[in-house]
Number of protein chains: 4
Amino acid sequence: MNMVDTNSGGRPMNSEAGPALLQAARELVAEYGYEKVSMQMIADHAGVGRQTAYRRWPSKAELVLEAFVAKADRLSAVEQGPVVEMLERFLQQIFHGLEKDGLAVRSLIASAQGDPAFRETFYERFIKPRDQVLARILKQGVDQGELPASMDLDRMVEMIHGAFWYRLLLGRDLDERYAKQLAAMALGYHSGAR
Amino acid sequence: MNMVDTNSGGRPMNSEAGPALLQAARELVAEYGYEKVSMQMIADHAGVGRQTAYRRWPSKAELVLEAFVAKADRLSAVEQGPVVEMLERFLQQIFHGLEKDGLAVRSLIASAQGDPAFRETFYERFIKPRDQVLARILKQGVDQGELPASMDLDRMVEMIHGAFWYRLLLGRDLDERYAKQLAAMALGYHSGAR
Amino acid sequence: MNMVDTNSGGRPMNSEAGPALLQAARELVAEYGYEKVSMQMIADHAGVGRQTAYRRWPSKAELVLEAFVAKADRLSAVEQGPVVEMLERFLQQIFHGLEKDGLAVRSLIASAQGDPAFRETFYERFIKPRDQVLARILKQGVDQGELPASMDLDRMVEMIHGAFWYRLLLGRDLDERYAKQLAAMALGYHSGAR
Amino acid sequence: MNMVDTNSGGRPMNSEAGPALLQAARELVAEYGYEKVSMQMIADHAGVGRQTAYRRWPSKAELVLEAFVAKADRLSAVEQGPVVEMLERFLQQIFHGLEKDGLAVRSLIASAQGDPAFRETFYERFIKPRDQVLARILKQGVDQGELPASMDLDRMVEMIHGAFWYRLLLGRDLDERYAKQLAAMALGYHSGAR
DNA sequence: TGTTAAGCGAGACGGTACGTCGGGTCTTGAG
DNA sequence: CTCAAGACCCGACGTACCGTCTCGCTTAACA
């Protein structure tokens, strides 16, 4: 999935080419969508030969996946204060990221569907980190007594995460207001029905 | 979206070709996924010329979309009884449908990402009907006093619907147990946060 | 080797595309040489899609071969008069053709070397016809008493034909003067040594 | 054309690399033909880095050329006795060499066509030496009175040399019998027709 | 009943991207 | 300065699929 760099002897791989390709993939796919971007475009935009891309990733899909997956790592997690505020901040942060990359991420999910391995990577590197932050926030809410101890955290994570994905995939807006609404939903929950 | 049939004079369209194509699209895409299936394959499998498909749908995407969208219409809605039971039945019904078509539906969502018009159709024909049923069920729950009147129904619909899509797209199981859990989540909700 | 045209049902092949491709191949290879001409160039020059070329010939080599082989057929043979004059006319005619196509023919021979089937075709369609004309001329010379009956005609054909190929491949001029010299050589022959 | 070796200071060139490359080129091209052999193959076969080859020759063509050209130098010329016998010996010697290298030489000629400089080298190093031996033999024949003084020696050289090239390029056998026939042809010649 | 206009299977067409290959150059660390 | 290794740029190769087009044939509905 990642670039191979077992380099004994021989000219070392150009360490700028990889990042430049990822960057190019990010920008182009964000602007035009996965299907409309070719390897040639990405390579050109990165100022690099097409073969250089294929030397690092086995296919366009893998390259583009890594391009977006890489960003997921930089999730700053300011996790303190009332749950509702943490949630709002978290969601707004994600929504902000998706303003730019929404198209790309949607394209990626799309492409992930044909390839289980690809999909697993996508989950591990892109989704899971966010799920974990979300789970931590909710857990904290329970600890702080703001959420009922009985809450099924995994389910709630899925519902929150799912809700905005759902909107994303359908091309609906993800704005500040929606972040507040979603955060409020999580809070308006108690252990037993009635 | 569907086949045009304003046909005066000339040979009438073969009324079996359309359904056969839909059926073929359904089967092939369900098995191999959208990207790996070509129009040629679909036409061959339907025992029909390729052009016959293009005479009915403007593109592969539209044909395949319709192939799955068509099934959505047959949502039997036995909408009475306690909310939790209605929800469970509803979800189980959907999950059952997705057992077979999961791959296809995922592929479709994927492909929808490059084409806003396609996505809108997908929403209108595939998602919206389900959303409406879900909304009706929740509304009924409110009316029956099982759910708080303050509940943001649209949001709850998104969360429920989003949750299982989320799992679907990530290749997680959608089983009876999950239907129960999701239904329970909706019920464990009250009007005001602490 | 030749274009396939077993056409039952379906759109007929564009009858202009084949000749246009041959023509384009002829012109481009004559000007730039085999190696420097790509399929894309040929297709573009013929105003045709690249795939249309590959539908008719399995490879660039086959297409270009046929392009030059085709011309060989139009050998006008004014075969009468003194042998020396027939020979001169014949050689001048060939030399004239090679003025334009020399580079191409050389390229072709080059490419033929890697592929026995290709080479055989080249011989049958390009060389043999010329050999036969040459043999006929010499035979007539014998019949007319201008050449000794003992002459090994096949050998003489090879020597004449070989001589100017030799010069061609080495990039030496093939002009009117050389035609005369070669014709004279054939005549200056008698049955027994001494 | 040959390896540069103005080497003061620094590691000396590996004196085995050059010969090893020539040998490898000879073997591989003789077996597979010029086009089907890559520099990588040659270098690997010689147990040498690819760059080491390019340090000695400016291109694949030049290396392979030299590989075969080198052999030309070892033309032992036992030039005495009756012309017909000298010719036969000379031709048989050449034919023998071509038994093994025929494919390679043909490939070379082929590749020479795209590059005038290459072709000139090929002539100078590979053809000319043979032409000169041939010319010397014929000259001797004239001197010994076995051939007419009027014979156009250059033309006769071209015809003899051309004849067997012609056969070589067309994949025809070059055997002892053919050597005799060709020698006989040269002898059956007199100054003026009739 | 014969015309006619459209549907139909087949398959060619222009276009565009894919992933692979080879040539010749450049760059590392070791010798 | 050489060497082996191997990355680099370039550009061609042949394949696949898309959506369109065009052939000869078939098939109702209209005249």
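In what follows, every chain begins at residue 1, and chains take the letters A, B, ... in the order their sequences are listed.
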Chemist: Show the nearest heavy-atom pair for residues A/Ala17 and A/Arg56, with the distance to one decimal.
Modeler: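 That closest heavy-atom pairing would be CB-NH2, 3.6 Å.
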Chemist: Quiz question: going by heavy-atom distance under 3.5 Å, is there a donor-acceptor pair between the base of F/dG11 and the side chain of A/Arg50?
Modeler: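 No such pair is found, so the answer is no.
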Chemist: Output the rounded distance in Å from CZ (C/Arg56) to C1' (E/dG14).
Modeler: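 That distance rounds to 13 Å.
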Chemist: Could you check A/Gly47 against D/Val48 and say which one's nearest nucleotide on DNA chain F is further toward the 5' end?
Modeler: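 Looking at the nearest nucleotide for each, D/Val48 comes out on the 5' side.
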Chemist: Atom NZ of B/Lys36 to atom P of F/dC18: distance rounded to whole Å?
Modeler: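 The distance from NZ of B/Lys36 to P of F/dC18 comes to 14 Å, rounded to the nearest Å.
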Chemist: Verify, without hydrogens or angle tests, whether D/Arg50 (side chain) and D/Gln40 (backbone) share a donor-acceptor contact under 3.5 angstrom.
Modeler: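 It does not hold such a pair.
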Chemist: Nearest heavy-atom pair of B/Phe68 and B/Phe126: which atoms, and what distance?
Modeler: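 The answer is O-CE1, 3.7 Å.
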Chemist: Crowded around A/Tyr32 OH? As in, over 12 foreign heavy atoms under 6.0 Å?
Modeler: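 Atom OH in A/Tyr32 is not crowded, with 12 or fewer foreign heavy atoms closer than 6.0 Å.
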Chemist: Quick one: D/Asp44 CG to E/dG23 P, roughly how many Å, whole number?
Modeler: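 Roughly 12 Å, once rounded to whole Å.
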Chemist: Given F/dG14, E/dC8, F/dA4, identify the nucleotide with an atom nearest to the side chain of B/Ala17.
Modeler: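 The closest nucleotide is E/dC8.
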Chemist: Without decimals, in angstroms, what is the distance between C/Ile42 CD1 and F/dC13 C1'?
Modeler: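 For the pair C/Ile42 CD1 and F/dC13 C1', the rounded distance is 13 Å.
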Chemist: What are the two closest non-hydrogen atoms of C/Val29 and C/Tyr34, and how far apart are they?
Modeler: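 Shortest heavy-atom contact: CG1-N, 3.7 Å.
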Chemist: Would you say A/Lys60 places a side-chain N or O within less than 4.0 Å of OP1 or OP2 belonging to E/dA17?
Modeler: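 It does not, given that no N or O in the side chain of A/Lys60 lies less than 4.0 Å from OP1 or OP2 of E/dA17.
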Chemist: So, under a plain 3.5 Å distance rule, would you say the side chain of A/Gln51 forms a donor-acceptor pair with the base of E/dC21?
Modeler: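 Indeed there is one.
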Chemist: Please state how far atom CH2 in C/Trp57 lies from atom C1' in F/dG14, giving the value in whole angstrom units.
Modeler: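 Nearest whole value for this atom pair: 16 Å.
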Chemist: Counting neighbours of CD on B/Glu124 that are heavy atoms of other residues, nucleotides or ligands and sit closer than 6.0 Å, is the number greater than 12?
Modeler: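 Buried by this count: over 12 neighbours within 6.0 Å.
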Chemist: Rounded to the nearest angstrom, tell me the gap between atom CD in A/Glu16 and atom C1' in F/dA7.
Modeler: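 So the two atoms are 14 Å apart, to the nearest Å.
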Chemist: Would you indicate which nucleotide in F/dG14, E/dC18, E/dA12 comes nearest to any side-chain atom of A/Met39?
Modeler: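 Of the options given, the side chain of A/Met39 lies nearest E/dC18.
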Chemist: Any side-chain N or O of D/Ser38 under 4.0 Å from OP1/OP2 of E/dC21?
Modeler: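 D/Ser38 to E/dC21 OP1/OP2: no side-chain N or O under 4.0 Å.
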Chemist: Look at the side-chain N and O atoms of A/Arg55 and state whether any lies under 4.0 Å from the OP1 or OP2 oxygen of F/dC8.
Modeler: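 Answer yes for this pair, as a side-chain N or O of A/Arg55 is under 4.0 Å from OP1 or OP2.
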Chemist: Compare side-chain N and O positions of B/Ser59 against OP1 and OP2 of F/dC18 and report whether any pair is under 4.0 Å apart.
Modeler: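 False: B/Ser59 side-chain N/O out of range (4.0 Å or more) of F/dC18 OP1/OP2.
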Chemist: I need the CE-C1' distance between B/Met41 and F/dC17, as an integer number of Å.
Modeler: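 Answer to the nearest Å: 12 Å.
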Chemist: Under a 3.5 Å distance rule, please check whether B/Lys60 uses its side chain to pair with a backbone N or O of B/Val37 as donor and acceptor.
Modeler: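 Present.
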Chemist: Starting at atom CG of D/Leu63, determine the distance to atom C1' of E/dG24, rounded to an integer number of angstrom.
Modeler: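 Nearest whole value for this atom pair: 13 Å.
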Chemist: So if I take every side-chain heavy atom of B/Tyr54 and compare against F/dC13, F/dC18, F/dC3, which nucleotide ends up nearest?
Modeler: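 Ranking F/dC13, F/dC18, F/dC3 by closest atom to the B/Tyr54 side chain puts F/dC18 first.
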Chemist: Check this for me: D/Glu16, atom CD, are more than 12 non-hydrogen atoms of other residues, nucleotides or ligands nearer than 6.0 Å?
Modeler: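 For D/Glu16, atom CD is not crowded (no more than 12 foreign heavy atoms under 6.0 Å).
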Chemist: Considering heavy-atom distances to DNA chain E, does B/Asn14 or C/Gln40 have its closest nucleotide positioned more toward the 5' end?
Modeler: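 Per heavy-atom nearest nucleotide, the more 5' residue is B/Asn14.
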Chemist: Please write out each protein N/O paired with an N/O of nucleotides 29-31 of chain E under 3.5 Å, distance rounded to 0.1 Å.
Modeler:
none

